[in-house]
Amino acid sequence: MNTLIQEVIAQIKAIPDPEIPVITIEELGMLRNITFEEGRLNVIITPTYTGCPAMNNIEKDIISIAKEKDINCSVKTILSPAWTTDWIGNEAREKLRKFGIAPPEKATSNKAELLGKDPEVRCPQCNSTNTVMVNYFGSTACKALYKCNNCLEPFDYFKCH
Ligand SMILES: [Zn+2]
């Protein structure tokens with residue numbers, strides 16, 4: 001693999017999530033695989049949430065990065081296995097928190113959410129778990145709006161799925 005290809009791959013990995021610009025699609029776990037075979041770059045992505053309108057933009061971004069360097073590129077979206085919030089790395093969770101979004105809770109409370117129980121959501125400002133959901137649909141469909149009863153700040157919670 002030559003340096004040009006490596007450069008393009010690095011640029012693709014660094015594409016920010018359209019909704020949470022502090023996190024890259026790689027950190028979110030959306031970028032599943034990149035291979036370079038017979039002069040073609042093959043990129044596989046999985047949406048964080050089925051029907052997420054941002055996916056089209058990510059695909060366009062990937063193709064335009066490759067096009068700029070005259071590299072053939074195809075982007076494939078795979079839905080199975082479905083993306084889960086557990087794919088978000090620890091570093092990315094910390095970035096989310098700093099950005100003011102409560103990162104999704106890991107698998108155990110995830111199951112509580114599936115069973116219809118409210119997950120324990122920690123306030124990204126003061127770390128209190130004394131929080132309450134205000135609206136299941138926050139600023140985007142992927143987030144829920146919460147309010148902290150301790151510091152009274154509203155914040156977005158990245159929903160588990
Ligand atoms: Zn708080």
Side-chain angles (χ1 to χ4, degrees), residues 6-34 43-66 75-161:
Q6 281 169 355
E7 201 180 296
V8 167
I9 289 175
Q11 274 187 45
I12 290 171
K13 286 182 174 173
I15 293 174
D17 179 81
E19 286 168 7
I20 313 157
V22 291
I23 292 195
T24 67
I25 57 170
E26 188 193 24
E27 288 172 321
L28 265 180
M30 279 160 107
L31 194 62
R32 303 311 312 284
N33 199 18
I34 301 185
V43 183
I44 297 175
I45 51 177
T46 293
T48 52
Y49 140 87
T50 315
C52 206
M55 284 312 280
N56 285 335
N57 290 333
I58 292 167
E59 193 173 327
K60 273 187 212 145
D61 284 351
I62 293 170
I63 288 169
S64 73
I65 286 170
V75 180
K76 204 172 147 194
T77 301
I78 55 163
L79 299 175
S80 175
W83 181 86
T84 106
T85 39
D86 287 350
W87 291 0
I88 301 179
N90 284 335
E91 216 173 291
R93 281 171 197 270
E94 209 39 55
K95 282 191 187 174
L96 275 175
R97 211 186 311 273
K98 286 196 181 123
F99 192 60
I101 297 172
E105 297 298 327
K106 287 231 180 179
T108 38
S109 36
N110 203 340
K111 283 197 188 92
E113 194 171 331
L114 287 177
L115 294 170
K117 286 186 204 145
D118 287 338
E120 197 173 73
V121 175
R122 221 169 255 283
C123 170
Q125 323 285 348
C126 71
N127 221 20
S128 167
T129 51
N130 184 11
T131 59
V132 62
M133 187 167 71
V134 179
N135 193 333
Y136 191 68
F137 293 99
S139 54
T140 71
C142 312
K143 292 175 226 147
L145 184 65
Y146 271 73
K147 203 183 110 184
C148 176
N149 288 328
N150 187 44
C151 70
L152 305 176
E153 286 292 323
F155 63 92
D156 276 328
Y157 169 59
F158 202 111
K159 276 185 281 198
C160 296
H161 44 93

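Just follow the structure's listing: the first ligand is 1, and inside any ligand the first atom is 1. Bear in mind that the values here come from a model prediction, so they are computed numbers and not experimental data. For reference, positions follow the sequence shown, starting with 1.
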Counting only protein N, O or S atoms and ignoring waters, those under 2.8 Å from the Zn ion (ligand 1) are Cys123 SG, Cys126 SG, Cys148 SG, Cys151 SG
Exercise. Is a side-chain N or O of Thr131 found less than 3.5 angstrom from the main chain of Arg122, in a donor-acceptor match?
Worked result: no
Quiz item: Arg97 side chain to Pro124 main-chain N or O, any donor-acceptor pair under 3.5 Å?
Solution: no
Taking every heavy atom of Pro21 against every heavy atom of Pro16, the minimum-distance pair comes out as O-CB, 3.5 Å
Exercise for review: Using the six-membered ring wherever Trp is involved, compare the ring planes of Trp83 and Phe158 and label them parallel, tilted or perpendicular (cut-offs 30° and 60°).
Suggested key: tilted
In terms of heavy-atom contacts, Leu31 and Lys13 come closest through CD2-CG, 3.6 Å
On a heavy-atom basis, the closest approach of Gly100 and Phe155 is O-CB, 3.7 Å
